[in-house]
Colleague: 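Take this structure, written in structure tokens, and hold onto it; I'll ask about it next.
So that the names make sense, note that chain A is the first sequence line, chain B the second, and so on, each numbered from 1.
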2 protein chains.
Amino acid sequence: MNTAASTPQTRDRLIAAMLDALRCRGYHGVGLSELLAAAGAPKGVLYHHFPGGKAELAVAAVQLAIDGMLVSLDRLFEKHADPAIALAAWMDGAQKQLRASEFERGCPLATIALESTPNDVAIRGALANGFSAIRAHLAGTLERQGVAAAIAGQIAVLILAAYEGALLQARVAGRTDAIRDTSAALIALINTQIGATK
Amino acid sequence: MNTAASTPQTRDRLIAAMLDALRCRGYHGVGLSELLAAAGAPKGVLYHHFPGGKAELAVAAVQLAIDGMLVSLDRLFEKHADPAIALAAWMDGAQKQLRASEFERGCPLATIALESTPNDVAIRGALANGFSAIRAHLAGTLERQGVAAAIAGQIAVLILAAYEGALLQARVAGRTDAIRDTSAALIALINTQIGATK
DNA sequence: AGGATTATAGACCGACCGGTCTATAGACTG
DNA sequence: CAGTCTATAGACCGGTCGGTCTATAATCCT
């Protein structure tokens with residue numbers, strides 16, 4: 001059938017394989033052959049679905065990661081009325097994920113972001129838009145709690161930065177303390193801000 | 001002469017080349033030939049100074065980066081009595097560096113950290129120790145300002161996380177707003193903490 | 001049914017990867 | 001000045017890189 005978008009699952013498996021690779025080792029860290037083996041697909045199929053090759057596949061994976069992140073944030077803030085608690089749950093989820101993978105899988109966005117150069121316009125563009133959307137989401141939630149727009153924007157950037165930075169520290173340390181501590185410090189900050197304007 | 005340590009500058013050029021590569025493209029993003037060309041050295045000299053090859057060179061570069069970071073933090077906190085101002089200066093320096101390189105060069109530690117796997121024990125070890133030292137440095141400074149040890153530790157983790165995460169966001173966005181905003185939010189937090197205990 | 005389009009399959013390519021090896025040059029030591 | 005050790009130099013290696021190309025299978029449209 002495939003009425004809406006012709007997406008014959010092989011394409012999805014390729015994207016998933018790239019996403020996992022980005023989590024584990026980054027863009028330059030995986031070869032095409034490894035990717036294709038993970039997806040159970042031959043070479044030709046990659047260039048059929050992604051004429052732009054590895055780079056185009058990476059952009060698709062980045063897009064998927066961003067969508068996933070926005071959805072899970074949505075769910076979290078919907079579930080917990082208190083944004084501080086939602087944030088704590090977010091960071092807690094990151095801890096669990098990191099531990100479950102034995103500190104192998106981090107955030108796919110951060111890794112490829114740092115590997116990218118100004119010439120990689122497609123990837124940097126996708127990442128910039130994605131980060132921007134995530135920040136907007138966070139800022140909007142804070143504003144709805146009565147935090148002034150300007151302050152909310154700053155805190156949103158800080159939250160995203162802290163999230164990525166904490167994951168990074170925890171990953172190389174092989175322990176999740178960094179995430180726990182970052183979460184605690186962040187929550188204290190948010191509560192003073194929400195409290196201040198109430 | 002070379003009385004203290006036999007370090008015949010070629011070694012240093014190799015380390016510098018690797019450090020720059022880590023800033024720009026990451027460990028897997030550069031080839032040995034490129035590295036050697038940048039250092040103006042032939043192949044053999046690499047394996048003479050670093051029998052462990054590329055990986056060992058990377059560890060040396062990481063170590064150098066950490067030392068440099070600790071030194072510059074030292075200078076900053078020595079120069080500015082108020083830690084909030086010192087922090088602002090730190091973030092400001094990051095902005096300038098990023099802009100000067102046209103968003104090509106970020107933090108070398110973050111990049112290789114995210115590319116590493118749990119198997120890369122040497123690199124992860126060096127990074128974990130380095131981050132730990134930086135956090136200790138920050139926490140110590142806060143404690144000296146009267147912040148309770150437990151809180152100081154948490155904030156130190158947050159500061160380092162925010163630094164890395166802000167640089168990351170700014171780099172892909174091609175603008176330094178993220179660093180500016182992170183800096184502002186962070187300083188507000190620190191000032192309330194220092195104020196609270198005074 | 002028949003032709004066009006989409007998807008799968010993998011052989012094949014030149015370039016470059018990280019790494020080893022031998023040869024030579026210099027410096028220090030007796 | 002011979003002998004040793006350190007440093008520089010680059011040819012060379014097998015393997016893998018990302019990418020192209022042609023062949024075939026499945027699907028869709030009329």
Side-chain angles (χ1 to χ4, degrees), chain A residues 1-22 24-62 111-112 115-117 119-123, chain B residues 1-22 24-62 112 115-117 119-120 122-123:
Chain A
M1 195 57 58
N2 257 333
T3 51
S6 72
T7 306
Q9 79 173 194
T10 303
R11 199 187 125 100
D12 294 337
R13 284 208 317 277
L14 284 169
I15 296 178
M18 173 58 97
L19 191 59
D20 193 60
L22 290 182
C24 295
R25 258 146 358 108
Y27 182 77
H28 294 294
V30 252
L32 244 27
S33 50
E34 198 174 339
L35 239 21
L36 294 167
K43 259 265 168 82
V45 92
L46 200 178
Y47 289 87
H48 171 69
H49 292 289
F50 304 95
K54 194 186 183 188
E56 189 179 337
L57 175 58
V59 171
V62 164
T111 310
I112 194 171
E115 287 180 289
S116 73
T117 75
N119 296 333
D120 306 326
V121 288
I123 286 186
Chain B
M1 196 55 61
N2 256 334
T3 52
S6 73
T7 305
Q9 78 174 192
T10 303
R11 199 185 124 101
D12 293 337
R13 284 208 316 278
L14 284 170
I15 296 177
M18 174 57 98
L19 191 58
D20 193 59
L22 291 182
C24 294
R25 253 134 18 95
Y27 182 77
H28 294 294
V30 252
L32 244 27
S33 51
E34 199 174 339
L35 239 21
L36 294 166
K43 260 272 170 72
V45 92
L46 201 180
Y47 290 87
H48 171 70
H49 291 289
F50 304 94
K54 196 186 183 188
E56 188 179 339
L57 174 57
V59 171
V62 163
I112 195 171
E115 287 179 290
S116 72
T117 75
N119 296 333
D120 306 324
I123 287 187

Colleague: Can you give me the closest heavy-atom contact between Pro42(B) and Leu36(B), atom names plus distance?
Modeller: O-CD2, 3.6 Å

Colleague: Rounded off to whole Å, could you give me the CD-to-P distance for the Gln9(A) and dA26(D) pair?
Modeller: 15 Å

Colleague: Going by an N to O cut-off under 4.0 Å, is there a salt bridge joining Arg25(B) and Glu115(B)?
Modeller: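 No.
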
Colleague: Checking Asp20(A) side chain against Ala17(A) main chain: does a donor-acceptor pair fall under 3.5 Å?
Modeller: no

Colleague: Return the nearest nucleotide to the side chain of His48(A); candidates are dA7(D), dG18(C), dA7(C).
Modeller: dA7(C)

Colleague: Quickly work out the Leu46(A) CG to dA7(C) P distance and round it to whole Å.
Modeller: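 From Leu46(A) CG to dA7(C) P: 14 Å.
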
Colleague: Output the single nucleotide from dA7(C), dT8(D), dG10(D) whose closest atom is nearest the side chain of Lys43(B).
Modeller: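 For the Lys43(B) side chain, the nearest candidate turns out to be dG10(D).
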
Colleague: What are the residues of residues 29-40 of chain A, sorted by number, that bring a heavy atom to within less than 4.0 Å of DNA chain D?
Modeller: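 Listed by number, they are Val30(A), Gly31(A), Leu32(A), Ser33(A).
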
Colleague: According to side-chain hydrogen bond (donor to acceptor under 3.5 Å, both in side chains), who are the partners of Glu56(A), at least two apart in sequence or on a separate chain?
Modeller: none

Colleague: How close or far is atom P of dA9(C) from atom NE2 of His49(A), stated in whole angstroms?
Modeller: 10 Å

Colleague: Between dT8(D), dG19(C), dG19(D), which nucleotide has the shortest distance from any of its atoms to the side chain of Lys54(B)?
Modeller: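 It is dG19(C).
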
Colleague: Run the side-chain contact (heavy atoms from CB on, under 4.5 Å) check on His28(A) and Tyr27(B) step by step: do they pass?
Modeller: CA-CA 9 Å; His28(A) 294 294; Tyr27(B) 182 77; over 6 Å; no

Colleague: My understanding is that only residues two or more places apart in sequence, or in another chain, count here; which of them pass side-chain hydrogen bond (donor to acceptor under 3.5 Å, both in side chains) with Thr111(A)?
Modeller: none

Colleague: Does Thr10(B) have a side-chain nitrogen or oxygen under 4.0 Å from the phosphate oxygens OP1 or OP2 of dA7(D)?
Modeller: no

Colleague: Where the side chain of Tyr47(A) is defined as all heavy atoms beyond and including C-beta, which of dT20(D), dG18(C), dG10(D) is the nearest nucleotide?
Modeller: dT20(D)

Colleague: Return the value, rounded to whole Å, for the distance between atom CZ of Phe50(B) and atom P of dG18(C).
Modeller: 16 Å

